[in-house]
Amino acid sequence: MIDVHNIKKSFGSLEVLKGIDLHIDKGEVVSIVGPSGAGKTTLLQIIGTLDRPDSGSVRIDSVDVTTLSQKVLSDFRNRKLGFVFQFHQLLPEFTAIENIMIPAFIAGTSRSAAQSRAKELLQFMGLQDRASHKPAQLSGGEKQRVAVARALMNNPAVILADEPSGSLDTKNKNELHQLFFDLRDKFGQTFVIVTHDEQLATLTDRTIHMRDGLLEQPIEPTSPTPPTEPTPPTSL
């Protein structure tokens, strides 16, 4: 589903990514963890086609996105990728259902089809009675679920989430984490999640550790040394 090969990225003299190789299977829920400055968000943005690498390639669903023109790339991003950010990024002047429908309108979907899909997602999120509420009238957990529904609007192959539960309390955080797995089971999306949340990382199918612009290789456990038999005393 996602193949990253030898991705490098610098900002001025600062080398942020130093040669990343990564494969993620269809339907995997993967977390990327590491200290601040490790390059996690930069890697996520490159996978999400929001930024381009200096070198290397990114293939998503067999398409090398690093070779696409800006127009084709924008269309690919709208159809194939969904994004969830830490602070939901909902437009305050629009209602919940209108926020969810925006990606469909960008894709040229009719209003009736977009509205039908948005209502389906609101129902799945347990937010059907909040459809006409604007973000200021929603709780933090409700706003983030609306943001997740918006990410799912065009039924993308991949959902990319950057610290999605970072602004939530414990209850809403746990509900959001469970939601990711429910969505994977229902819709079959692949999830790539950058997080500092150790609880979320332990729940995912695989945890990828980053440090200083590189992936850390897992340390293989060493086999314990068998105890030595005591040497019997030599008979005189």
Side-chain angles (χ1 to χ4, degrees), residues 1-86 103 106-107 151-152 154-164 180-181 183-184 187-198 200-221:
M1 170 52 67
I2 301 173
D3 281 294
V4 173
H5 177 64
N6 198 27
I7 288 296
K8 295 181 180 180
K9 180 68 177 181
S10 296
F11 295 99
S13 61
L14 178 63
E15 192 177 14
V16 178
L17 299 178
K18 303 174 182 178
I20 301 292
D21 290 291
L22 177 63
H23 173 78
I24 298 172
D25 288 324
K26 179 176 173 57
E28 262 198 298
V29 179
V30 173
S31 56
I32 302 176
V33 302
S36 296
K40 305 183 301 297
T41 294
T42 300
L43 177 60
L44 193 76
Q45 289 175 339
I46 288 174
I47 293 174
T49 74
L50 298 173
D51 200 357
R52 289 187 182 268
D54 297 331
S55 62
S57 64
V58 178
R59 299 185 72 88
I60 300 174
D61 211 9
S62 301
V63 176
D64 186 349
V65 298
T66 55
T67 66
L68 301 180
S69 69
Q70 195 59 53
K71 183 178 185 303
V72 175
L73 187 62
S74 295
D75 180 63
F76 181 92
R77 185 188 305 125
N78 179 253
R79 291 183 297 105
K80 291 286 188 177
L81 306 176
F83 298 88
V84 181
F85 303 101
Q86 180 174 353
I106 294 172
L152 291 164
N154 290 340
N155 196 29
V158 179
I159 301 293
L160 302 162
D162 192 0
E163 296 289 355
F180 289 146
F181 293 92
L183 290 169
R184 187 266 303 273
F187 298 112
Q189 268 94 6
T190 302
F191 281 80
V192 184
I193 306 167
V194 164
T195 183
H196 283 99
D197 193 305
E198 293 182 5
L200 174 56
T202 59
L203 294 173
T204 57
D205 299 326
R206 183 158 51 110
T207 302
I208 296 164
H209 297 267
M210 288 190 69
R211 182 178 295 275
D212 299 329
L214 292 167
L215 302 188
E216 290 188 324
Q217 299 301 317
I219 300 173
E220 298 294 335

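Atoms considered below: every heavy atom in the structure, side chains included; atoms not considered: hydrogens, waters and symmetry mates.
Counting all heavy atoms, side chain and backbone alike, P156 lies closest to A151 at CG-O, 3.2 Å. In plain terms, the two heavy atoms of D25 and M1 that are nearest each other are C-CB, 3.8 Å. Contact between F76 and I60 at its shortest, heavy atoms only, is CZ-O, 3.7 Å. Summarising the geometry of H23 relative to E28, their closest heavy-atom pair is O-OE1, 4.5 Å, with the distance given to 0.1 Å. When all heavy atoms are compared, the tightest approach of G19 to N6 is CA-OD1, 3.5 Å. Counting all heavy atoms, side chain and backbone alike, V194 lies closest to P164 at O-CD, 3.8 Å.
Residue E216 holds its CD atom at 9.5 Å from CE of M210, rounded to the nearest 0.5 Å. To the nearest 0.5 Å, the span separating CZ on R206 from CG on L22 amounts to 6.0 Å. Atom-to-atom distance recorded for T49:OG1 and L81:CG is 5.5 Å, nearest 0.5 angstrom. Considering CD1 of I46 and CD1 of I20, their distance stands at 9.0 Å, rounded to 0.5 Å. To the nearest 0.5 angstrom, K9 atom NZ is 9.0 Å from L17 atom CG. We find the CG-CG distance between L215 and D21 to be 8.0 Å, quoted to the nearest 0.5 Å.
When each of T195, I208, D197, T204 is tested with V33 by the rule side-chain contact (heavy atoms from CB on, under 4.5 Å), just one qualifies, namely T195.
Remark: the backbone N or O of G12 is not paired with any side-chain donor or acceptor of S10 at under 3.5 angstrom. A donor-acceptor pair is defined here as one N or O able to donate and one able to accept, closer than 3.5 Å; such a pair exists between the side chain of N154 and the backbone of P103. Between the side chain of K40 and the backbone N or O of I193, no donor-acceptor pair lies under 3.5 Å. With hydrogens and angles ignored, the 3.5 Å screen pairs a side-chain donor or acceptor of R184 with a backbone N or O of G27. Under a 3.5 Å cut-off, the side chain of D64 and the backbone N or O of R59 do not form any donor-acceptor pair. Although no hydrogens or angles enter the test, the distance criterion places no donor-acceptor pair under 3.5 Å between the side chain of D162 and the main chain of F85.
With a 4.5 Å cut-off on side-chain heavy atoms, D75 and K71 do not count as touching. Residues F180 and L203 form no side-chain contact, since every pair of their non-hydrogen atoms from C-beta on lies 4.5 Å or further apart.
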Quiz item: Between Q189 and N155, does a side chain to side chain contact (heavy atoms under 4.5 Å, CB included) hold up when you go through it step by step?
Solution: CA-CA 8 Å; Q189 268 94 6; N155 196 29; 3.2 Å; yes
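Side chains of T66 and S57: a donor-acceptor N/O pair is absent below 3.5 angstrom, by distance only.
Note on R79 versus D61: no salt bridge recorded, every NZ/NE/NH1/NH2 to OD/OE distance being 4.0 Å or above.
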